[in-house]
Each structure stands twice: as C-alpha cells, then as structure tokens.
**Q** 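Quick one: structure below, then a few questions.
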Amino acid sequence: MKKNPQTELIHAPRKAPQYISTVQPPLFRASTIIFENTDALFNRHWTDDYDYSYGTHGTPTTFTLADSIAQIEGGEYCLLAPSGLSAINLVNSCFLAHGDEVWVADNIYGPNMEHLRNLETRYGISVKVYNAKDVDSFQPTDKAKLIWLEAAGSVTLEFPNLVGLVNKAKQANVLTALDNTWGAGLAFNAFDFSDQHLSVDLTVHALTKYPSGGGDILMGSVVTRDKTLHHKLFRMHAIQGISISGDDAAQVQRSLASMQVRYQHQSQSTLKLLDWLKQQKEFVQVLHPADESSAGHDYWKEICTTGQSAGLVSVIFKPEYTLADIRKFCDALELFKLGFSWGGPVSLVMLYNLKDMRVLEHTHLQPGLLVRFCIGLEHPNDLIQDIENALKQLNTPQLE
Ligand SMILES: *Cc1c(COP(=O)(O)O)cnc(C)c1O
C-alpha cells in the first residue's frame with residue numbers, strides 16, 4: 001500500500017541486517033519497546049532479567065553494560081542507576097525499613113551519610129557510625145540490617161579492616177554493602193578477597209568516575225552474586241522508576257575498553273606525586289593507602305595485591321596556613337581544576353575542613369586544612385610543576 005510521505009518517514013522501511021557486526025554494540029534508545037504481537041505482550045515477564053517490555057526495565061544496551069560491570073567487579077548481577085548516589089539510595093531503600101539499624105563508617109562518602117540521616121529522621125531508621133579502622137567500634141544489635149563499607153574511605157583515604165568487618169557482619173547476619181568506587185573492581189575483587197576468600201554481599205559503584213572516565217556522565221551500579229538479593233533490588237529498581245539513558249550507557253560501554261589502562265596509569269602517576277608531596281615542607285601529612293604512614297596501609301597491602309591504588313591523594317597543610325592561604329593555593333593551580341568528582345582526564349583539586357566532616361575523633365589525622373588531589377591523565381611531571389608553582393604563591397610563614 002502506498003503511504004503518504006509523512007507516514008513513510010515515521011515507519012522507515014530499512015532495518016539493519018542480523019549479520020552486521022561492529023566494534024561497539026548497536027545502541028538502543030527506548031521508552032516504548034514494540035511487541036511483535038499480542039502473544040508477546042501477554043507473555044512478558046518484566047520481573048525477569050532481560051525481559052524487554054518497557055524502557056525503564058532495560059534495553060540490550062543497558063543490559064550489556066550491566067553485564068560488563070558485574071564482570072569487572074567479580075559479581076554476577078548488576079542494576080544501573082542514573083548516578084552513584086542513586087545506586088546508594090536503591091540499596092538503602094531496598095534493605096532498610098522502620099526500626100532497622102544501619103552501620104556506616106565515619107569516613108563514608110558524605111552524601112551517603114546525609115541520605116541515611118534523612119532516612120533516620122523521616123522513617124525511623126537508626127544510623128550508627130563506626131570507625132573504619134576499629135572493628136570493635138562496630139557493635140551490631142539484633143536490629144542491625146546493613147553495614148556500609150568503603151575502601152579506601154572518602155577524602156582521608158584510610159583503608160579499613162575489611163576482613164575483620166565483613167567477618168563480624170556475617171556472624172551477626174548483617175548485609176555488607178561496599179562502596180567500590182575507589183577500587184573500581186580493579187584494585188581488588190570485592191567478591192573474593194584475602195586468603196579467606198571473603199565476599200561482600202553488594203557493591204555500589206559510581207560509574208561516573210573510572211568507568212565513564214570522561215568527567216561528563218553520571219551513572220551508578222549495584223552488583224551482587226546473590227540471586228535473591230538481586231531480585232529484591234530488581235523489583236525496587238522497577239517500582240522506583242530508576243533508569244538510565246541508552247546514550248549514556250553506550251558512552252560508558254565505550255570507555256570500559258580503556259578503563260584498566262587508565263586506572264593503572266592514574267595509579268602510577270599518583271604514586272609519583274605521592275613521593276614528591278611527601279618531601280614538601282608545607283604539608284604536615286600526606287594521605288594515600290600505599291604510603292606506609294597512612295592509616296590502614298597494612299590492610300591495603302593485604303587486600304590490594306595488584307598494588308594499585310586509584311588516583312587520589314590528600315594533603316594536610318601545616319596549621320600555620322589559614323583558609324585564605326589554602327584558597328590562594330587552589331586558585332593558583334592551573335592544570336588542577338577546582339571541582340568535585342574524579343576518574344576523568346583532567347586533574348582536580350578540592351579543599352575540605354576536616355572539623356566539619358567527621359563525627360568521631362580521629363587521632364591519626366593532624367589538625368589543618370585538607371586538600372584532595374584527583375590525578376587525571378596529564379603527565380605527572382607537569383602536575384608536580386603546577387603544585388610547585390602554586391605553593392610559591394603562598395604567603396609562606398617562617399618554616400624550619
Ligand atoms: C562520586 C561518588 C559517589 C556518587 O556518585 P555520583 O554519580 O556522583 O552520584 C559515591 N561514592 C563515592 C565513593 C564517590 O566517589
């Protein structure tokens with residue numbers, strides 16, 4: 001039947017042949033997924049993995065990425081969310097209910113703590129804070145449902161006693177969720193670590209960081225090896241309408257091919273900067289898990305057998321330096337850009353006041369203002385030069 005040009009344009013006659021093969025998989029963008037016939041419509045099972053019934057439940061593009069992320073992290077099942085924080089929310093809303101207790105490390109990713117505090121106020125969930133370096137500070141009651149782990153911890157980069165914490169959680173029947181953004185599935189395997197072949201129950205990963213690698217996409221994931229946990233998450237994911245765009249998924253998929261190379265490179269560059277930073281008189285402390293003086297270094301060595309350690313390093317300035325000095329330093333940097341996040345090509349800097357960030361006492365941290373560097377893909381010598389120049393701008397007090 002001859003149709004009008006307008007109709008012809010909408011119902012394009014050409015379809016890609018089955019045999020065509022490309023380096024990157026074809027990209028599916030969908031809200032509507034078209035059923036072949038009413039049989040297919042009535043036989044859809046949206047509660048299964050890999051059922052194609054509506055865009056929010058997934059497309060071949062998002063399922064391909066989810067499988068890749070599960071594989072990188074050593075897991076079995078994966079769900080994708082529009083940001084790392086949204087993936088954290090998925091775990092919290094799936095496994096916590098009124099009256100439950102959740103344990104969270106003092107050095108956890110800050111917005112996760114804020115999210116939990118909000119649940120505490122509004123939904124009667126009890127939030128308990130533990131010290132990531134001290135297993136004894138984790139004292140689950142019979143109401144405890146979930147413990148959040150992070151290795152290394154946010155900003156101050158302490159490496160926790162994962163073996164001790166996970167063993168204790170398992171004994172108490174508490175679900176273990178690890179924010180795996182720092183290790184990215186590359187520094188260690190969260191589903192098989194230490195001589196004891198331990199495994200966490202769930203990992204959350206801000207794909208915004210290394211998997212995206214571009215500093216331009218927001219995405220998160222929740223991975224598990226446990227089918228029951230996955231199905232609970234799957235249902236929550238569906239009823240909350242958590243979904244991601246096909247274009248974003250394809251971009252992250254494309255970046256995955258170079259992720260390991262980038263991670264290794266950024267780890268190596270950071271070690272080079274670490275050596276140099278340690279020699280600078282302006283800093284009272286340099287924080288990085290591969291450094292012997294950093295909290296949890298021995299745990300890092302035990303767990304991260306590849307020797308990799310991501311691209312983050314923090315410094316604490318001597319207490320003589322005021323906030324105005326540190327701001328001057330940050331503003332004087334040229335290659336390091338002032339901004340949140342990490343894992344992209346451009347090096348970033350961020351300043352923090354530790355006093356506002358921790359509720360527990362931390363004797364291992366010197367007082368002073370903290371600056372975190374996120375090492376990008378620039379040559380490390382240029383980055384060192386940039387910091388050196390910025391330090392010269394400081395109104396240097398009389399230092400020995
Ligand atoms: C960035 C980050 C997140 C959150 O990811 P977004 O995509 O920015 O929401 C969670 N955890 C850690 C450790 C992060 O660094």
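Whatever order the structure lists ligands and atoms in, that order sets their numbers, starting from 1.
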**Q** Output the list of atoms in ligand 1 that are nearer than 4.0 Å to some heavy atom of Trp342, sorted by atom number.
**A**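 Checking each atom against Trp342, I get 15 (O).
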**Q** Does Asp179 reach ligand 1 with a nitrogen or oxygen that is under 3.5 Å from one of the ligand's nitrogen or oxygen atoms?
**A**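 N/O-N/O distance under 3.5 Å: yes.
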**Q** Hey, would you say the Tyr321 and Phe329 ring centroids sit under 6.0 Å apart?
**A** no
**Q** Around atom 7 (O) of ligand 1, find the nearest protein heavy atom and jot down its residue, atom name and distance.
**A** Thr208 OG1, 2.5 Å
**Q** Would you confirm whether Glu114, through its side chain, and Gly110, through its main-chain N or O, come within 3.5 Å as a donor-acceptor pair?
**A** no
**Q** Could you tell me if any non-hydrogen atom of Phe340 lies under 4.0 Å from any atom of ligand 1?
**A** no
**Q** Against heavy atoms of Gly84, which atoms of ligand 1 measure under 4.0 Å?
**A**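 Under 4.0 Å from Gly84, ligand 1 has these atoms: 4 (C), 5 (O), 6 (P), 7 (O), 9 (O).
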**Q** Looking at Trp148 versus Tyr109, is the centre-to-centre ring distance below 6.0 Å?
**A**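 Not close enough - the centres of the two rings lie 6.0 Å or further apart.
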**Q** Considering distance alone, does some N or O of Glu150 sit under 3.5 Å from an N or O of ligand 1?
**A** no
**Q** Does a side chain donor of either Trp103 or Glu101 reach within less than 3.5 Å of an acceptor in the other side chain?
**A**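 A pair is found: one side chain offers a donor N or O, the other an acceptor, under 3.5 Å apart.
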**Q** Pull out every atom of ligand 1 sitting under 4.0 Å from any heavy atom of Leu85, numbered as shown with elements.
**A** 4 (C), 5 (O), 6 (P), 9 (O)
**Q** Does Tyr263 have its ring centroid less than 6.0 Å away from the ring centroid of Tyr210?
**A** yes
**Q** Mark yes or no for whether Thr38, through its side chain, and Leu41, through its backbone, hold a donor-acceptor pair below 3.5 Å.
**A**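 Flag not set: sc Thr38 to bb Leu41 has no pair under 3.5 Å.
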**Q** What do you reckon, does Lys209 have a nitrogen or oxygen under 3.5 Å from a nitrogen or oxygen of ligand 1?
**A** yes
